[in-house]
Amino acid sequence: MPGMSAPTTAPEVEVSEAASGTARPRVLSGIQPTADSFHFGNYLGALRQWVDLQRDHQPFFFIADQHAITVEQDPRLLRERTLRAAAQLLAMGIDPDRSAIFVQSQIPEHSQLSWVLQCLTGFGEARRMTQFKDKSAKGGEGAASVGLFTYPILQAADILLYRPHYVPVGEDQRQHLELTRDLAQRFNHRFKKTFRLPEPYILKSTAKIGDLQNPTAKMSKSSSGVSGIIEMLDDPAMSAKKVRSAVTDSGSEIRFDPDDKPGVSNLLTIYSALTATSVTELEAEYAGRGYGDLKKELAECVVAFVTPFRERTLELLTDQTYLTEVLHQGAETAGAVARTTLRDVYQRVGFVASAGRA
């Protein structure tokens with residue numbers, strides 16, 4: 001989504017760089033539409049760096065609605081949140097003329113490739129995936145869906161389908177990328193070199209944002225309470241209030257020390273991420289000042305940051321036709337690549353080509 005080994009030379013694949021139509025290295029990432037709003041944890045931690053990837057890469061960014069239904073979803077909300085995710089990607093600076101923005105379920109090749117990869121994956125191998133263990137722990141394996149169990153294999157298909165050079169990764173996704181590379185190598189060895197081995201793209205200066213009320217835990221939609229999470233589409237005044245009410249620490253010194261001062265350290269991390277000011281500079285600026293000053297001025301920064309993002313997102317949501325057109329354009333771009341990959345996979349596995357795939 002760090003600590004991975006240095007990049008190795010990827011195997012030669014049948015589709016050359018010239019055939020791909022671009023000299024820019026391809027990159028692939030996605031986000032689930034399981035919330036009404038992006039929040040500071042996922043936005044400052046990873047999403048905003050997607051914008052920078054557009055300069056030197058050919059990005060494929062998808063909204064992972066198929067992954068979302070591994071747990072129960074309200075169909076109306078899922079459709080609404082898919083469009084809200086698209087609007088927020090555009091509002092944060094993703095350019096549909098440089099990046100393919102698309103919805104996972106609109107590209108059937110994701111599911112089709114997933115089945116082939118499932119047939120190459122050992123049951124024990126799939127069962128060792130930590131996210132399945134974590135997500136099924138509450139209700140037990142018996143209550144978990146088969147979709148949740150095979151989630152990492154669909155994720156591998158999401159990636160390999162586009163034969164990307166890089167995949168932005170965080171610590172919680174390392175194991176899944178390793179499985180993806182293992183499956184790519186297995187397919188290449190058993191059949192023919194088809195898949196590029198995607199390398200981890202380590203996001204630079206990734207901000208690890210903590211819960212405002214429990215700063216030792218990460219800010220997360222699934223585990224943070226309402227007062228612990230800053231939603232990008234909240235009323236800015238509400239976000240400012242949450243910052244002013246954030247948990248701090250004993251003492252009064254403003255310094256970065258995640259062990260002894262997790263609350264203050266979290267606020268400094270957010271401040272630094274919003275203003276591109278180093279934590280060291282912020283420590284110097286607030287030397288001799290109190291927590292109240294830090295919270296008040298950080299709250300002002302938060303308001304200044306989220307207000308234009310919120311306004312642009314809400315504006316885009318009033319134009320459903322435009323959003324649909326952007327997603328259609330992205331699906332056309334992504335679909336062309338996906339069909340080529342799946343055609344190669346089906347041919348090498350031994351499936352008889354239909355007239356439409358010949």
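Quantities reported herein were computed from a predicted structural model and do not represent experimental measurements.
The closest donor-acceptor contact from the side chain of His57 to the backbone of Pro59 lies at 3.5 Å or more, if one exists at all. Side-chain N or O atoms of Thr194 include one that pairs as donor or acceptor with a backbone N or O of Lys192 at under 3.5 Å. Put simply, the side chain of Thr307 never gets that close to the backbone of Ala304: no donor and acceptor are under 3.5 Å apart. Within the 3.5 Å criterion, the main-chain N or O of Gly210 finds a donor-acceptor partner in the side chain of Asn266. A donor-acceptor pair under 3.5 Å is formed between the side chain of Asn42 and the backbone N or O of His39. Proximity of a side-chain donor or acceptor of Glu283 to a complementary backbone N or O of Phe256 within less than 3.5 Å is detected. Although no hydrogens or angles enter the test, the distance criterion places a donor-acceptor pair under 3.5 Å between the side chain of Lys261 and the main chain of Ser250.
Under a hydrophobic clustering in which Ile, Leu, Val, Met, Phe, Trp and Tyr are joined whenever their side-chain heavy atoms come within less than 4.5 Å, directly or via other members, Leu179 and Leu28 fall into the same cluster.
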List the atom pairs, donor and acceptor, that lie under 3.5 Å between side-chain atoms in residues 229-240 and the rest of the protein, sequence neighbours left out.
from: Glu231; atom 1: OE2; to: Lys221; atom 2: NZ; distance (Å): 2.4
from: Asp234; atom 1: OD2; to: Lys242; atom 2: NZ; distance (Å): 3.0
from: Asp235; atom 1: OD1; to: Ala237; atom 2: N; distance (Å): 2.8

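Of the inter-residue distances, the one linking Gln54 atom CD with Ile94 atom CD1 reads 4.0 Å to the nearest 0.5 angstrom. If you take CD on Gln106 and CZ on Phe62, they are separated by 13.0 Å, rounding to the nearest 0.5 Å. Going from atom CD1 of Ile69 over to atom OG of Ser145 covers 8.5 Å, rounded to the nearest 0.5 Å. Atom-to-atom distance recorded for Leu268:CG and Glu285:CD is 10.5 Å, nearest 0.5 angstrom. A distance of 9.5 Å separates CG in Leu161 from OG1 in Thr340, rounded to the nearest 0.5 Å. Within the model, atoms CD of Gln88 and CG of Leu314 stand 9.0 Å from one another, a figure rounded to the nearest 0.5 Å.
Note on Arg181 versus Glu178: no salt bridge recorded, every NZ/NE/NH1/NH2 to OD/OE distance being 4.0 Å or above. Remark: Asp211 does not engage Lys218 in a salt bridge, criterion side-chain N to carboxylate O under 4.0 Å.
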**Q.** Phe40/Val302 under side chain to side chain contact (heavy atoms under 4.5 Å, CB included): CA gap, chis, key distance, verdict
**A.** CA-CA 10 Å; Phe40 268 34; Val302 167; 4.0 Å; yes
Q.
Let's go through Tyr286 and Glu297 carefully: what are the C-alpha distance in whole Å and the side-chain angles of both, what is the deciding distance for side-chain hydrogen bond (donor to acceptor under 3.5 Å, both in side chains) to 0.1 Å, and is it a yes or a no?
A. CA-CA 11 Å; Tyr286 283 94; Glu297 291 169 18; 2.5 Å; yes
Q. Under the side chain to side chain contact (heavy atoms under 4.5 Å, CB included) criterion, do Phe38 and Leu89 qualify, and how do the steps go?
A. CA-CA 9 Å; Phe38 294 166; Leu89 290 176; 4.0 Å; yes
(Q) For a side chain to side chain contact (heavy atoms under 4.5 Å, CB included) check, start with the C-alpha distance between Glu332 and Phe102, then their side-chain angles and the critical distance, and finish with the verdict. (A) CA-CA 9 Å; Glu332 288 287 307; Phe102 61 99; over 6 Å; no
Q: Begin from the C-alpha positions of Val349 and Phe191 and carry the test side chain to side chain contact (heavy atoms under 4.5 Å, CB included) through to its verdict.
A: CA-CA 7 Å; Val349 167; Phe191 299 104; 4.2 Å; yes
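Thr333 and Gln329 form no side-chain donor-acceptor contact under 3.5 Å, judged by distance and modelled atom types alone.
The two residues Gln66 and Gln104 make their nearest non-hydrogen contact at N-OE1, 2.9 Å. The heavy-atom pair separating Glu125 from Thr121 by the smallest distance is OE1-CG2, 3.5 Å. Between Cys301 and Tyr271, the closest heavy-atom pair is SG-CE2, 3.6 Å.
In this pair, Tyr162 and His110 present their aromatic rings tilted. The plane angle is within the 30 to 60° band. Between Phe123 and Phe149, the ring planes are tilted. Angles from 30° to 60° get that label.
Here the options are Arg163, Lys193, Arg339, the test is salt bridge (Lys or Arg N to Asp or Glu O under 4.0 Å), and the partner is Asp344; only Arg163 passes. Of the candidates Lys295, Lys296, Arg289, Arg289 is the only one forming a salt bridge (Lys or Arg N to Asp or Glu O under 4.0 Å) with Asp293.
Under the rule for a side-chain contact (heavy atoms from CB on, under 4.5 Å), the partners of Leu83 that lie at least two apart in sequence or sit in another chain are Gln320, Leu323, Leu327.
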